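Since the model is a prediction, treat every value here as computed from it, not as a measurement.
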Amino acid sequence: MSTAVLAVSMQTWSKDMSKMTLISMIATTAAFLAVPDMAGAGGAAPVTEEKKATAPIVRKGSVPVNGIDYYYEIRGEGEPLLLHGGLGQIEMFAPIMPVFTDHRQVIAVDLQGYGRTPLGKRPIELPAIGADLAILVKQLGYDRVDVFGYSFGGGVALNMAANAPERVRRLVILSAPYAQNGFFPEMLPQQAAVGAGMADMMKDTPMFLSYKAVAPDVSEFPKLLDAMGALMREPIDYSDAVAKLTMPVLLIYGDADMIRPEHMIDFYHKLGGGLRDAGWMRENMSKNRLAILPDLTHYETFASPLMANMAMTFLDGGGKAPNWAEQVGK
């Protein structure tokens, strides 16, 4: 479903202004309301079956960690890549999964309360989920993995890498801030209003329908909204976690993201990037990278082939163009 079609359908579904206000609140917190038409994702060509095919699931199941039964699926072969994100389930990455499984073994996980992973009895807290995932990959038999996290999952990935750096080789954080003030200020009261009271109003939205299709207990949906509202009302700041990152990190955002551009740069600065000219021979080059992709909103970055290929280039350790001295020396 395209974002344009989604907007029309939601307006048709909601006939009065109070409902439209509620939908606006939901849209700012649900980072996967629709998978956009791939032809419009960053202007890149769509990933088609003729080009690449998603590797089949070779292993799946649930792993209990600290009271949460995390659902996972493993596809492909090669170096392991842990993939999770957003307020959705593994299926949200279907449009770009072939890019990852083309030469990687992807460990895709439904985070606490989403997809096939039950909510459990504890609060939703990003450091706790990050710690869980470090345990999960070890229990699945991996000593070290690359990690990719989108939105809510980006915060999880940040905390996992900070708390268990020995488990993370390279890290990609997509469309996520390191602190609450990274969001545009008008979004904060909308996020704070999220709660169980929205559940009935959301029964026809893609967020609920996607959840309903796979969730082990659909009656938990109102509790999930309460848990997410409680999380978003907390004035989080993971600056200390950023300072603990020792592995190469790639930050990726859309130029129309829900994250303030100033915050994107600040995040990059905290990683040691963008503080001075890199030099003729890259002698002052930071090991970390920042990408701001054109024509992408927060609700589209995760489905962009441009983003996926850029992430994989970084994770594979490539991407350096020849400099002027190297060209002249040829």
Side-chain angles (χ1 to χ4, degrees), residues 21-33 84-88 111-114 119 122-133 147-163 171-198 207 223-245 249-274 288 290 292 296-302:
T21 300
L22 181 58
I23 291 300
S24 177
M25 292 179 183
I26 295 167
T28 63
T29 58
F32 79 110
L33 284 179
H84 53 270
L87 305 183
L111 298 181
Q112 181 184 352
Y114 289 95
L119 181 60
R122 73 181 199 196
I124 289 180
E125 298 174 336
L126 302 188
I129 301 175
D132 290 348
L133 292 190
V147 177
F148 176 105
Y150 161 63
S151 191
F152 170 67
V156 171
L158 165 60
N159 280 278
M160 175 187 175
N163 294 318
L171 173 65
V172 176
I173 297 176
L174 172 63
S175 290
Y178 69 82
Q180 187 186 50
N181 65 11
F183 297 106
F184 285 102
E186 67 271 15
M187 296 179 59
L188 299 181
Q190 297 175 4
Q191 292 177 339
V194 171
M198 292 181 173
M207 180 178 180
K223 297 177 184 177
L224 173 60
L225 293 179
D226 271 342
M228 288 304 300
L231 171 67
M232 289 186 284
R233 286 188 287 273
E234 289 293 322
I236 61 169
D237 188 331
Y238 298 123
S239 295
D240 290 345
V242 175
K244 294 178 182 178
L245 298 179
V249 180
L250 169 63
L251 304 175
I252 308 180
Y253 299 94
D255 63 352
D257 217 305
M258 67 165 61
I259 314 302
R260 295 184 299 109
E262 297 86 351
H263 188 83
M264 302 174 192
I265 301 300
D266 189 44
F267 200 159
Y268 189 45
H269 283 169
K270 286 182 178 296
L271 292 170
N288 302 308
L290 168 66
I292 301 176
L296 288 174
T297 73
H298 188 80
Y299 313 99
E300 298 160 353
T301 55
F302 70 91

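- Looking at residues two or more places apart in sequence or on another chain, you find no side chain to side chain donor-acceptor pair (under 3.5 Å) involving N159.
- Between the CE atom of M264 and the NE2 atom of H269 there is a distance of 13.5 Å, given to the nearest 0.5 Å.
- In terms of heavy atoms, S175 sits closest to G254 at OG-N, 4.4 Å.
- Distance check, rounded to the nearest 0.5 Å: CD1 of I173 to CZ of F148 gives 10.5 Å.
- Distance alone, capped at 3.5 Å, places no donor-acceptor pair between the Y268 side chain and the L250 backbone.
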**OP:** Could you please spell out the steps behind the side-chain contact (heavy atoms from CB on, under 4.5 Å) verdict for L251 and N288?
**Re:** CA-CA 8 Å; L251 304 175; N288 302 308; over 6 Å; no
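- Counting only residues at least two apart or in different chains, salt bridge (Lys or Arg N to Asp or Glu O under 4.0 Å) contacts with residues 254-268 comprise R260-E262.
- Under the salt bridge (Lys or Arg N to Asp or Glu O under 4.0 Å) criterion, no residue pair touches residues 225-245, with sequence neighbours excluded.
- In terms of modelled atom types and a separation under 3.5 Å, the side chain of Q112 and the main chain of R122 share a donor-acceptor contact.
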**OP:** Apply the test side-chain contact (heavy atoms from CB on, under 4.5 Å) to residues L188 and N181: give CA-CA distance (whole Å), side-chain angles for both, the deciding distance (0.1 Å), then the verdict.
**Re:** CA-CA 9 Å; L188 299 181; N181 65 11; over 6 Å; no
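- With sequence neighbours left out, the side chain to side chain contact (heavy atoms under 4.5 Å, CB included) criterion links A157 to H84, V147, L171.
- To the nearest 0.5 angstrom, F183 atom CZ is 7.0 Å from H298 atom NE2.
- The two residues P177 and I259 come nearest to each other via the heavy atoms CD-CD1, 3.6 Å.
- Nearest heavy atom pair, residue P235 against residue Q180, reads CA-OE1, 3.3 Å.
- Summarising the geometry of Y114 relative to G88, their closest heavy-atom pair is CB-O, 3.3 Å, with the distance given to 0.1 Å.
- Between atom CE of residue M160 and atom CG of residue D132 there is a gap of 10.5 Å, rounded to the nearest 0.5 Å.
- No donor-acceptor pair closer than 3.5 Å links the side chain of E125 to the backbone N or O of L231.
- Looking at heavy atoms from C-beta onward, Y253 lies out of side-chain contact with P261 at the 4.5 angstrom threshold.
- Scanning both residues, V194 and M198, for their nearest heavy atoms gives CA-CE, 3.8 Å.
- Taking every heavy atom of both residues into account, S151 and A176 meet most closely at O-CB, 3.4 Å.
- Annotation: the span from L296 atom CG to I252 atom CD1 amounts to 10.5 Å, rounded to 0.5 Å.
- Applying the ring-ring contact (aromatic ring centres under 6.0 Å, His included) rule to Y178 yields the partners H263, F267; only residues at least two apart in sequence or on another chain are considered.
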